[in-house]
Every structure is written in C-alpha cells, then in structure tokens.
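Report on one structure; see the data block that follows.
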Amino acid sequence: MKLFNTMSRQVEDFVPQNGKKVSLYTCGPTVYLDPHIGNWKTFINYDLLVRTLTQAGYEVDQVLNITDVGHLVGDGDDGEDKMAKTATEQRKTAWEIAEHYTSVFYEGLKQLNITPPSNMPKATDHIQEQIDMIKVLEEKGFTYTIDDGVYFDTSKCSDYGKLARLDLEGQQAGARVQENAQKRNPQDFALWKLSPKDQKRDMEWDSPWGTGFPGWHIECSAMALKYLGATIDIHGGGIDHIPIHHTNEIAQSESANGVEFSKFWFHSAFIDVDSTKMSKSLDNFYTIEDIKAKNIDPMAFRMLVVQAHYRKGSNFTWEALEAAAQRLKHLRAFADLVWQGSGEGQVDVKAVEQSFVKHMQNDLNTPAALEVVSNLLNQFANRLPSSQEASDIRALLGTMDEYLGLKLSETTDIDEFAKQLLLERENARQEKNWEESDRLRVEIEKQGLSVNDTPKATIWSRTS
RNA sequence: GGCGCGUUGGCCGAGGAGUUAGGCAAAGGUCUGCAAAACCUUUUACACCGGUGCGAAUCCGGUACGCGCCUCCA
C-alpha cells in the first residue's frame, strides 16, 4: 500500500521493517476535559490507518498513550494549570480527573466505532521508564540542569527540527521573551520538571534530580521504546505535533537510542469550526454529547470524517454533519437491499469492490473509495438486486466495514411478522384495497420500516 | 520577525493541463391509488493579475484574503 510520509513529504510505498508486523505509535488524548470533535477526527483517522493496514495483510501493534500527567507542565507563561483548575472546580484530585476523562475517552471509542488500540498505556504508569531514558540522555551528554529542572540541549542534536524543517535562526529572531533565562537555546525543552519548593502536587515522583514530574515529551519516547522498540514503523499524531512534540520526541529517542526513531510519520489535519481552530484553551469546541443533543447519530460524524481526506484540513458545520448523516442513511438503505435480493440484473459489484480497495490502499483515499460506492448506489434506484448482486453487495459491505467501520453489514433481516405485513399490504394493493393498504403501511412504519413502491417491486428500508 | 498551508458551484468536499467527482440541500418534474425518507432533471464551480502551453481550475510568478505553527493543543 501507499502512504504519505511527513518526513519526506511524499507518498511512498509502505514497507515495514519486519515482514508482516507493523509497529505503530499514536499520540493519544490528554485526559483532563471531554475530547472534542477535532480530537476524534484524529482518532478516527488512526483507526482508518489501522484498518487499512490490517486489510493489507499486516499485523498491527498499536500503542496509543493516555497522557494523564503531561498537562502539569506548559503552564509557565500565564500561570494557569488547566488540570489543577478542573480538579479544583470539581473538588477532585488530578488523579480522579484523569480517571474520569479516561473513561469518557473509552466511551467515545465505542460510540464512534473506533477499534480500541491493542495497547493504551498511561504516562503515570511509566515514570520509571521515563527516568531511565533521561538518565541515558544525561550519560550521553545531551542534558543540563537548571533551577527548575533537567533540560534537553537541542544544540547537541545536529539534525534537530528535521521533521518540521524548522529554520532555527529565523525562529530565534522572532522568539518571544524567553520564559527561562537559564535555558541555553530557545528550543530546549524540559525532560524533568522539579516541583516548586514548599508546594505539594497531586502528581509528583522522586527522581535522581529531585521530586518532580516528567516533561512534555518524554512519555512518548519512553513508551514507544518499551513497547515497540527503538525504531518503529509508523508514528502518528495531529499536524500540530510536527514542530514541537514530534520534533522533540525524535531528538530524545534518536539521541538516546542512536537509531532512527520512526520510518513513517502519519499526520491528521485539523478540522476547524467557523474557519477557526478549535482548541481546549479557546473553549470553542464541540463534543460527541453536543452531536447527540441535536439528535444526530455520532456515527454521522464518523461519516463526515471518512468522506474527506485525512491530510486535508476541513471546516465543520452542522449542515455538513447533517449531510453526512443523510448519506449514511442512504448507505444503510442500500445495505438493506441484500435481504431483498429477488430482482434481475448483473451489475459488476465485484469490480466496484476492487476499485474501493484500490483507493483505500492508496494513502487512505476514503473520498474516492466512497465515490465508487455512491455511483453503484444509483444503479439500484427503483429496483431490487438479483440474488447474485445481493451476494456481491453483501461482500462489498463487509469489505467496506473492515476499512471504514461504518457498520453497514451488521444489519439483520427483518422478522417474519414484518415480512407478513409487507406481504399482506402487497396483496391488498393487488386487490386495490387502498384503505387496507394504507392501514398496513402505518403498521409497517410502527415496525421501524418505510416502504417504497416502485414499478418493479416494493422496497423497504429502515427508518431508525 | 521566521516557517508553513489554503482559497473549487447554496453547504461539505475530491480531482489536478483537454473528459459530468461524489454527497447534502434547493427548484422543477416523474413513477404511483396515494405517498415517500423513491427516482429523474437543473443554473456547467475552481480568489485576482500576469506568464508558459494548441489548450490552465490544474504548471510558474505575483497580488489579495483566510488559516496554522514558532506557547499546552488532534
């Protein structure tokens, strides 16, 4: 299959290091607030990647970290600590906040039909691994210690910024006032932050450098090493991670391990709301709950994400979400046809399936893959598929679900009672007993079905 | 100040030098006993100005506007 690699900025043939095994590290949620739809877009894109790799015959070992401590840092400038703030507001500890929002995250995975990653380690369960990695960096001379912690000296890393293609000189020119005058270079970042004296944090640990907590980026480097090895096949994240987080992960991991950190870099583009970035800080984000509050199936959001390409930024509107919901509904009606295979026809459904797969294996071209299916749908307007077509459609839906996770093939046939009602209505229509026919239509609708009388046959579909 | 991205018809969104993307919505119409959550049709879109091509929405240069990153962030 083909996959875009942020490092080379090109679509490349994807070939893992070890035969059919693929090691994948994906940056996960920071659990201190409800995830917003932008977070979910990225997680859905990870899911599409894993599904596509799996379909391509690979065995994917995916790690998705739960950041339950990282947010303790990074509050330097304005002194605001969101995690602590949330904890205070809810009269809970940082630990309780992390636990609560971790469960919210798991619930969201279910609602959006995201296959849970094979391994979801927590940062706080890997403090020792992080300390060990910092020790290695210290022994190799990449670190220095100042008043508030241990820092990584980016000037010791000759290719620092290669992923983002950073222009360090240029950045320096316009850099804001350094928050810490002791830092040697503006890009240097904390590996271990020391707890402020005379202050007890909910989350803090002992270390060779004193009591404190790990820096912003070390958890990913440490957990990737522990679970996937020094060189992984693919590393994923949101595009915002390219210049800082992933850049620093590369610096840490490659300096500590002495080998390339990741062969491929997979980045999901942002979804905007009203043409502006969503962020936890700006408080302009929507959640799955907001979608449900409008009586829209969360799966419609998955549809919205799937019908756009993962590398292109998009703009969220409620109108677009409703359009996606509608499209999903039509796909579901199409899926219902497999139970009604009694018509005539010989459309080449298998060719559509092949085309679908080809698009998916081409850098996850989900919009093109859906397009070929949409074109197929139009051929079944006002007619039922033949038994052969129904069989092929069933196979197509199964394949689509493996790749896209839209749950189209999970429907079952309607029950005998509903079938009987449909039959009775048809008989009434034959006898031109319209009163009885209309009465039965109401009964059928009570079963959650709607009927479409076409010249050739009556086709039912689900209303719920 | 530096780095980078984008601008496609009412909305969302592909494509990317010559061929209708697709979806959703709207309007008109059709089938039908009626109805539809059914079907058909529809005003031929690519920010602007130059350039290179037989030919540009698609390549090059510039302009405008928008957005992102350089600070936690999917």
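Naming: A, B, ... by sequence-line order, numbering from 1 per chain.
Of the listed nucleotides (B:G22, B:G16, B:C34), B:G16 has the atom at the smallest distance from the side chain of A:K312. Ranking B:A37, B:C12, B:G22 by closeness to the A:N375 side chain, first place goes to B:G22. Side-chain proximity of A:T317 to the nucleotides B:A74, B:G16, B:C11 is greatest for B:C11. Distances from the side chain of A:E319 to the nucleotides B:G22, B:A74, B:C11 place B:C11 closest. Side-chain proximity of A:E445 to B:A37, B:G16, B:C67: nearest is B:A37.
In this structure, the side chain of A:S355 does not engage the main chain of A:A351 through any donor-acceptor pair within 3.5 Å. The backbone N or O of A:A457 sits less than 3.5 Å from a side-chain atom of A:T454, completing a donor-acceptor pair.
A:S374 comes within 4.0 angstrom of sugar-phosphate atoms only, judged by non-hydrogen atoms across all strands, and of no base. Note on A:A368: nothing from the nucleic acid sits closer than 4.0 angstrom, heavy atoms only. Counting any heavy atom pair closer than 4.0 Å across all strands shown, A:H309 reaches sugar-phosphate atoms only and no base atom. Note on A:E431: nothing from the nucleic acid sits closer than 4.0 angstrom, heavy atoms only. Base contact: A:I271 has a heavy atom under 4.0 Å from a base atom. Within the 4.0 angstrom heavy-atom criterion, base atoms lie near A:R425. Nucleic acid contact class of A:H241 (heavy atoms, under 4.0 Å, all strands): sugar-phosphate only. At the heavy-atom level, A:G38 lies under 4.0 Å from base atoms of the strands shown. Base engagement by A:V451 is indicated by at least one non-hydrogen atom pair under 4.0 Å involving a base atom.
B:G18 sits 49 Å from B:U71 when the C1' atoms are compared, rounded to a whole Å. Distance check on atom C1': B:C54 versus B:A14 gives 28 Å, rounded to whole Å. Across the P atoms, B:G10 and B:C39 are found 24 Å apart, a figure rounded to whole Å. Taking atom C1' in both B:C65 and B:G23, the straight-line distance is 28 Å, to the nearest Å. Nucleotides B:G6 and B:U63 are separated by 16 Å at their C1' atoms, to the nearest Å. One C1' atom belongs to B:A17, the other to B:G51, and the distance between them is 15 Å to the nearest Å. As rounded to the nearest Å, B:U52 and B:G28 have C1' atoms that lie 45 Å from one another. Between B:C40 and B:G15, the distance separating the two C1' atoms is 26 Å to the nearest Å.
Paired runs in RNA chain B that reach 3 or more consecutive Watson-Crick or G-U pairs, where each pair keeps both distances under 3.5 Å, cover B:1-7 with B:64-70, B:10-12 with B:22-24, B:26-30 with B:38-42, B:47-51 with B:59-63.
A salt bridge links A:K193 with A:D148; the closest basic N to acidic carboxylate O contact falls under 4.0 Å. Salt bridge annotation for A:D297-A:K292: absent, with no cationic side-chain nitrogen under 4.0 angstrom from a carboxylate oxygen. Note on A:R383 versus A:E389: salt bridge recorded, some NZ/NE/NH1/NH2 to OD/OE distance being below 4.0 Å. Contact check on A:D153 versus A:R184 returns a salt bridge, with a Lys/Arg side-chain nitrogen under 4.0 Å from an Asp/Glu carboxylate oxygen. Between A:D392 and A:K350 there is a salt bridge, with a side-chain nitrogen of the basic residue lying less than 4.0 Å from a carboxylate oxygen of the acidic one.
As a whole-Å value, the separation of A:I244 CD1 from B:C72 C1' is 10 Å. If you measure from atom CD1 of A:I459 to atom P of B:A35, you get 19 Å, rounded to the nearest angstrom. The separation between A:N365 atom CG and B:G15 atom P is 6 Å, rounded to whole Å. When rounded to the nearest whole Å, the span between CD1 of A:I37 and C1' of B:C73 equals 15 Å. As rounded to whole Å, 19 Å separates atom P of B:C34 from atom CG of A:L440. Rounding to whole angstrom units, CD of residue A:Q326 and C1' of B:C11 are separated by 14 Å. Separating the NE2 atom of A:H330 from the P atom of B:A36 is a distance of 14 Å, rounded to the nearest angstrom. Protein atom NE2 of A:H359 is 10 Å distant from nucleotide atom C1' of B:A21, rounded to whole Å.
Applying the 4.0 Å criterion to OP1 and OP2 of B:G22, one finds that A:Q307 has every side-chain N and O outside that range. Contact annotation: A:S461 does not reach the phosphate of B:A37 (side-chain N/O to OP1 or OP2, under 4.0 Å). Distances shown here put every side-chain N or O of A:N378 at or beyond 4.0 Å from the OP1 or OP2 atom of B:C39. Contact annotation: A:N452 does not reach the phosphate of B:A38 (side-chain N/O to OP1 or OP2, under 4.0 Å).
Aromatic ring orientation, A:H241 versus A:H246: tilted (interplanar angle from 30° to 60°).
Counting atom types as modelled, A:R429 pairs no side-chain N or O with a base atom of B:C34 as donor and acceptor under 3.5 Å. A donor N or O paired with an acceptor N or O is not found under 3.5 Å between the base of B:G13 and the side-chain atoms of A:N315.
Each of A:D453 and A:G238 was assigned the nucleotide of RNA chain B with the nearest heavy atom; the assignment lying further toward the 5' end belongs to A:D453.
Annotated as anti: B:G62, whose glycosidic dihedral deviates from 0 by more than 90°.
A 6.0 Å sphere centred on CD of A:E12 holds more than 12 heavy atoms belonging to other residues, nucleotides or ligands.
Inter-residue side-chain proximity for A:F316 and A:F285 is flagged as unmet; no heavy-atom pair is nearer than 4.5 Å.
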